[in-house]
J.: 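Pasting in a structure now, in C-alpha cells, and then I'll have a few things to ask.
So that the names make sense, note that chain A is the first sequence line, chain B the second, and so on, each numbered from 1.
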2 protein chains.
Amino acid sequence: MSRRPMVRPGGRSARVQESVHTAVRELLAEQGREGLTVPQVAHRAGVTPSTIYRRWGDLEQLLSDVAVERLRPETPPEDRGSLAADLESWAEQFLDEMSSTAGRAYIRDALLGDPDGSNAGQCSAYAAEQLDVVLARASVRGEPTPGVERAVDEIVAPLMYRILFRPDGLDAAYARRLAHRALAAAEEPPA
Amino acid sequence: MSRRPMVRPGGRSARVQESVHTAVRELLAEQGREGLTVPQVAHRAGVTPSTIYRRWGDLEQLLSDVAVERLRPETPPEDRGSLAADLESWAEQFLDEMSSTAGRAYIRDALLGDPDGSNAGQCSAYAAEQLDVVLARASVRGEPTPGVERAVDEIVAPLMYRILFRPDGLDAAYARRLAHRALAAAEEPPA
DNA sequence: CCACTAAAGCAAAGGAATTGCTTTTGCCCG
DNA sequence: CGGGCAAAAGCAATTCCTTTGCTTTAGTGG
C-alpha cells in the first residue's frame, strides 16, 4: 500500500481525498504540470495546503497516487477469438495508451513520487492482470500459452522500456511483433 | 543533448560544474537523498545557489545529470570466449549494478529530471553500446547473433522493467535465463 | 592589450513547505 | 441516543527554498 493513510470510507476524509484528486486531474488537463503547486491544488479543492502536505507529503506523491488511479484499466481486454489476435490487440492498445504524451506523464508521475515502490508495483499488476485474462481464455480454448511472467517479459517490458528510455520509433507494428514473440514462446519449453 | 549548456572546457564553468557534481555525489553518499537541497549542494561546492538554479533549473535536473554520468560504463564488457558466456555475465553484472539501492536511485533520478528524455536515451545508449561490443565479437567468431535491438528487448528491457516496477524476486538466475532467450533468438528468423 | 560576452556572485522579494496548536467531525461505546 | 475519543482538517506563524534584477568576474577573440 501507499503512504496514503487508510481513509474512513464515508467521512470527511473521503470527501477531501476525492476533491483533491479531482482538482489535480482538472488542473493537469487545463494547464499541464508546468507551474502546478500544492497551494494551487489546495485552493481548487477547497482545502488548506497543510492538509495536502500532511496526507500526501508533497506534490510528487500526490501526483503518483492520482496517476496510478488513472492508469487502472477500466475494462477487461476484448475477446478476439484467438490468443494471437488477443495479444496483438492488447499490445497495440497498451502502447497506444501508454505512449501518448498524457500516458507518459502519468507513468513518470507514478514512478516518481513512489518511495516504497508500491504504486509502480500496482501499475505492473494491472498489466499482468490483463494479460492473465487473455492467457486464461486461450487456455480454456485449448491453445498453448506462455506463462504470464514470460508474456510480461516479452511484451510489457519492451514496450515500457522503450516508452521510458527511447520514445522514438515506436509503432503498432512493433507491438504486434512483440505479441508474436510471446506467442512463439508458448511452444518452447518454459525457459 | 541535455538542457545543460555547452561548457567552455577548462574555464571557470568547467570548474563549477565539476565541483557541483562532486558535491552532489558526496552528499548523496553521506546522507542519501533525504533532505538534499540546492542550497546545501551549493554550499558544499562553494558556489551560490543561483548559479545552480540558472545552470540546471532545479535539483532534479541536476541529479539527473549526475546520475547519467554515474551510469556510464567504465570498461567494455570482458571477453569470456563465447556469446553465451558473454551475454550471461553481462546480464548478471548489469542486474547487479542496477538493482542495488544506489543503482535504482540513480536510474530514478536519471528518468526523473529529464524534460526532453535525452538523459534516459543516453542510459539506453550505454547499454546498447555494451551489447553491441559483445555481439560484434561473437559475429567475428562466426557465431550466430541476434540483432542489438532484439538483445535489448530480451535482456535489458525485462531487467529494467522489473527493477523499476517490481523490484522483488530478481536474481542472477533470472538474468542468465534472459541471456539464453536472447541467444535462442539468434537462430530464429529476425522477427 | 583591450573590448566583448558568458557565466557567477549578490541581495532582495516572493512564495512554498513545515509545524504547533485549535477546531471540527466521524466513530464507537455505553 | 448522547458523550467521549481519536483522527483529520483548519489556521497561522516561521523557515528557507526559489526566483530575479543587477553587478562583478573571468574567459575569448580581435
J.: Using only heavy-atom distances, determine whether the side chains of A:Ser19 and A:Thr22 contain a donor-acceptor pair under 3.5 Å.
T.: no
J.: Rounded to the nearest Å, what distance is computed from the CZ atom of residue B:Arg54 to the C1' atom of nucleotide C:dT5?
T.: 15 Å
J.: A:Gln17 CD to D:dA9 P: how many Å, rounded?
T.: 10 Å
J.: Side-chain N or O of B:Arg15 less than 4.0 angstrom from OP1 or OP2 on D:dG27?
T.: yes
J.: B:His43: which residues meet the side chain to side chain contact (heavy atoms under 4.5 Å, CB included) condition with it, sequence neighbours left out?
T.: none
J.: Kindly state which residues belonging to residues 43-52 of chain A come within less than 4.0 angstrom of DNA chain D, counting heavy atoms of the residue only, listed by number.
T.: A:Gly46, A:Val47, A:Thr48, A:Ser50, A:Thr51
J.: In whole Å, what is the span from the CD atom of A:Glu60 to the C1' atom of C:dA17?
T.: 13 Å
J.: Please state whether the phosphate of C:dA8, meaning OP1 or OP2, lies under 4.0 angstrom from any side-chain nitrogen or oxygen of B:Arg55.
T.: yes
J.: To the nearest angstrom, how far is A:Arg12 atom CZ from D:dA7 atom P?
T.: 14 Å
J.: Please assess B:Arg141 against B:Asp86 for the test salt bridge (Lys or Arg N to Asp or Glu O under 4.0 Å), listing each intermediate value before the final yes or no.
T.: CA-CA 13 Å; B:Arg141 288 192 203 107; B:Asp86 279 359; 3.4 Å; yes
J.: Does any residue of residues 28-38 of chain B have a heavy atom under 4.0 Å from DNA chain C, and if so, which ones, in number order?
T.: none
J.: Hydrogens and angles aside, do A:Gln130 and A:Gln93 bring a side-chain donor and acceptor to less than 3.5 Å of each other?
T.: no
